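The figures that follow rest on heavy atoms only: side chains count, while hydrogens, waters and symmetry mates do not. Here is how names work: the chains are called A, B, and so on, in the same order as the sequence lines, proteins then strands, and each is numbered from 1. From a predicted model like this one, the values you see are computed outputs, not experimental measurements.
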Amino acid sequence: MSNAAAALNQITITLPDGSARTYPSGTTGLAIADSIAKSLAKAAIAIEINGEIRDLSRAVEEHANIRIFKREDAPALEMIRHDCAHVLAEAVQELFPGTQVTIGPSIENGFYYDFARNEPFTLEDLPKIEAKMKEIIGRGAAFEREVWDREQAIEYFTKKGEMYKAELIRDLPGTETITVYRQGDWLDLCRGPHMPTTKHIGTAFKLMKVAGAYWRGDSSRAMLTRIYGTAWRSEEELQAYLTQIEEAEKRDHRKLGREMDLFHLQDEAQGSVFWHPKGYSIWLALEGYVRRRLNTAGYVEVKTPQLMDSRFWEASGHWSKYRENMFVVPDVVPNTEEGQKIFKEEPKHFMALKPMNCPAHVQVFKQGIKSYRDLPIRMAEFGCCHRNEAHGALHGLMRVRQFTQDDAHIFCREDQIASESLAFCELLRTMYTDLGFTNVKVKLATRPENRVGTEESWDFAENALRQALDAAGLDYEDAPGDGAFYGPKLEFHIQDAIGRSWTCGTLQLDPNLPERLDATYIGEDGARHRPLMLHRAILGSIERFIGILIENYAGKLPLWLAPTQCVVSTITSEADGYAQEIYNELLAAGLRVELDVRNEKINYKIREHSLAKVPVMFIVGKREAEEGKVAIRRMDSQEQPVEARDSAIAAIIAQSQPPY
RNA sequence: GCCGUUGUAGCUCAGGGGUAGAGCAACGCAUUCGUAAUGCGUGGGUCGGAGGUUCAAAUCCUCUCAACGGCACCA
């Protein structure tokens with residue numbers, strides 16, 4: 001072989017530090033690691049070739065920048081979890097022959113695998129499966145990658161009775177390389193990559209729960225059993241995660257709502273909230289804040305009907321596109337006779353509780369003639385909406401059937417879209433900052449299958465929102481198909497205590513409703529024009545937002561939102577009169593204040609109000625009464641500074657002011 | 001809506017064919033006690049609902065409702 005020919009078969013491998021080495025083409029990642037250091041080869045779990053993570057066992061055939069990953073490197077967690085999903089599937093098929101495997105990805109904090117089995121798995125099966133997984137990991141079989149022929153792969157899985165896998169392969173694009181990964185006697189269709197052996201997974205994993213999940217996320221298809229697990233590098237990481245979950249559960253707004261006496265839900269009104277005085281005081285404080293912000297931002301506030309005729313909803317498009325979510329009420333006089341049908345006659349006319357405020361706002365807009373000079377009109381309403389949500393969707397305050405939106409619709413001209421959208425994004429950012437949220441995810445939800453309007457109108461609307469996002473400098477991701485039936489939307493997501501993400505703020509561009517409901521304004525040219533409509537909310541639903549607030553603050557709301565801002569507690573009954581005076585003064589200043597003159601020890605009172613998460617306690621005994629002072633105890637502080645009565649009162653009044 | 005789990009006192013939970021339990025809370029009495037639980041006493045439940053099996057059901061069976069965890073759907 002000539003030197004030149006030999007050189008042709010050499011590849012240059014560049015390491016992260018910039019140094020380059022030459023290897024024969026076809027050298028495996030493991031061999032490269034081994035040539036760098038024996039210890040590296042031992043610790044290696046994967047190799048990155050020009051940005052793509054691959055199995056160590058794969059041959060490298062091109063010049064490449066590489067990186068060898070070890071278990072402590074960032075990509076390892078995902079691989080541990082993915083490998084763990086494979087082991088879970090093998091364990092299940094060993095223990096429960098006849099179970100079909102489907103898909104099993106790694107996810108945040110862990111992994112899952114969906115199985116098809118006539119009898120769904122139950123919680124009792126998990127310990128058994130977990131033991132089997134440990135056994136499989138103990139065997140330490142190597143993950144072996146094989147490239148298969150497409151047709152043969154389909155035939156193989158079909159013969160084996162793995163109909164779901166066969167379907168998956170059939171649906172893969174023809175260009176895709178079909179690979180399977182073997183671990184001992186078991187194999188799975190998989191794109192990879194995997195770590196060298198099952199032993200590399202370690203034992204810091206735990207099966208968490210079983211759940212139903214539809215095949216390919218489609219509710220018209222088979223219901224599979226999903227097993228969720230969590231997996232980590234080490235026992236310590238696993239324990240830390242489990243502890244973190246326990247801590248998060250303590251912040252659950254449903255638990256805190258009961259403990260703090262904020263609200264309750266009951267069977268007879270499922271999905272609708274009974275707000276208790278303390279919970280409603282949060283609502284009022286929040287609503288007042290939003291109202292002030294909106295006023296300053298040039299909004300006007302309206303109030304529109306709860307019940308409207310079905311003809312109205314036909315015109316808006318809700319009757320055909322949204323009816324399954326609407327509460328429909330027959331417009332008939334009910335029968336009051338004992339034991340008779342509820343209605344004397346078959347109802348012919350129907351009313352519906354509003355699921356949205358927009359069509360009603362268009363009606364307000366349409367009263368009188370609007371000039372282009374009137375635009376934009378920013379019409380706000382704390383609108384109470386009803387949506388008949390599926391039973392399984394209901395979730396505390398986060399997902400309810402009756403909720404109040406901090407809703408508004410901006411009627412504007414096309415040339416105002418950009419500035420209005422930008423102003424909205426900025427207002428939202430200001431308010432979220434005031435309310436303590438900085439970690440907000442933005443999504444652009446584009447046209448869904450079930451929609452009204454022309455393709456052109458959707459193109460226009462989607463582009464307009466994209467431009468607004470760019471102008472506001474907001475990072476976002478696309479959510480294809482997630483738009484409302486009338487237009488695309490921006491969604492502002494905030495996470496709750498258990499990591500679930502909820503849409504709060506939203507901005508939706510709607511070129512369709514003004515058309516359907518025939519809203520017009522007179523343009524500069526004297527002719528009629530269609531206004532465009534921006535649907536927008538910042539909190540989204542007040543219910544949901546309060547739920548999020550409770551969880552994010554773990555119930556310890558900032559002073560301006562706290563249900564009880566201050567409790568004046570006495571140490572002995574000799575201070576009762578003095579305490580009463582202070583209480584009266586705070587009450588007159590508009591504070592939410594309580595007086596605790598019960599015949600209890602001060603320890604008892606402090607404990608109780610601490611558990612109730614009252615931010616400030618004014619504690620007065622004989623000494624304070626005589627000296628005209630108060631001892632101040634703040635939440636989560638053991639300190640008890642004593643201050644002059646007047647300055648203490650002035651300070652708490654100042655501190656309890658809303659941010660706007 | 002679908003799959004799984006759960007439902008016993010206001011709350012947290014024990015009990016699993018033979019007279020319904022605990023702690024906290026509530027109520028009563030005593031205690032005036034300086035920064036996270038004062039002591040003693042009292043009351044409180046058709047065991048989610050409806051049927052069934054049994055001499056006997058909170059307990060076993062069937063149906064149903066709701067909540068919880070996911071999925072689907074969504075502010």
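Between the OH atom of Tyr228(A) and the C1' atom of C71(B) there is a distance of 7 Å, rounded to whole Å.
For the pair Arg226(A) and G4(B), the criterion of a side-chain N or O lying under 4.0 Å from OP1 or OP2 is not met. Taking side-chain N and O atoms only, Arg500(A) has a distance below 4.0 Å to OP1 or OP2 of G69(B). The shortest distance between the side-chain N/O atoms of Arg387(A) and the OP1/OP2 oxygens of C74(B) is not below 4.0 Å.
Applying the salt bridge (charged side-chain N to carboxylate O under 4.0 Å, His left out) rule to Glu130(A) yields no partners; only residues at least two apart in sequence or on another chain are considered.
In secondary-structure terms, RNA chain B builds stems of at least 3 consecutive Watson-Crick or G-U pairs, each pair having both distances under 3.5 Å, at B:1-7 with B:65-71, B:10-13 with B:21-24, B:26-30 with B:38-42, B:48-52 with B:60-64.
Within the 4.0 angstrom heavy-atom criterion, base atoms lie near Gly392(A). Within 4.0 Å (heavy atoms only), His609(A) reaches no atom of the nucleic acid at all.
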* From CA spacing to verdict: side-chain hydrogen bond (donor to acceptor under 3.5 Å, both in side chains), Tyr299(A), Arg536(A) -> CA-CA 12 Å; Tyr299(A) 287 74; Arg536(A) 43 107 294 160; 3.1 Å; yes
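Arg81(A) forms a cation-pi arrangement with Trp232(A), by the criterion of a distance under 6.0 Å to the ring centre and an angle within 45° of the ring axis. In this structure, Lys209(A) satisfies the cation-pi test against Tyr228(A), with its NZ or CZ atom closer than 6.0 Å to the six-membered ring centre and inside 45 degrees of the ring normal.
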* Where protein sits on nucleotides 26-41 of chain B, one letter per nucleotide: B base, S sugar-phosphate only, - none, heavy atoms under 4.0 Å -> -----BBBBBBBB---
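Comment: Asp434(A) engages Arg293(A) in a salt bridge, judged by a side-chain N to carboxylate O separation of less than 4.0 angstrom.
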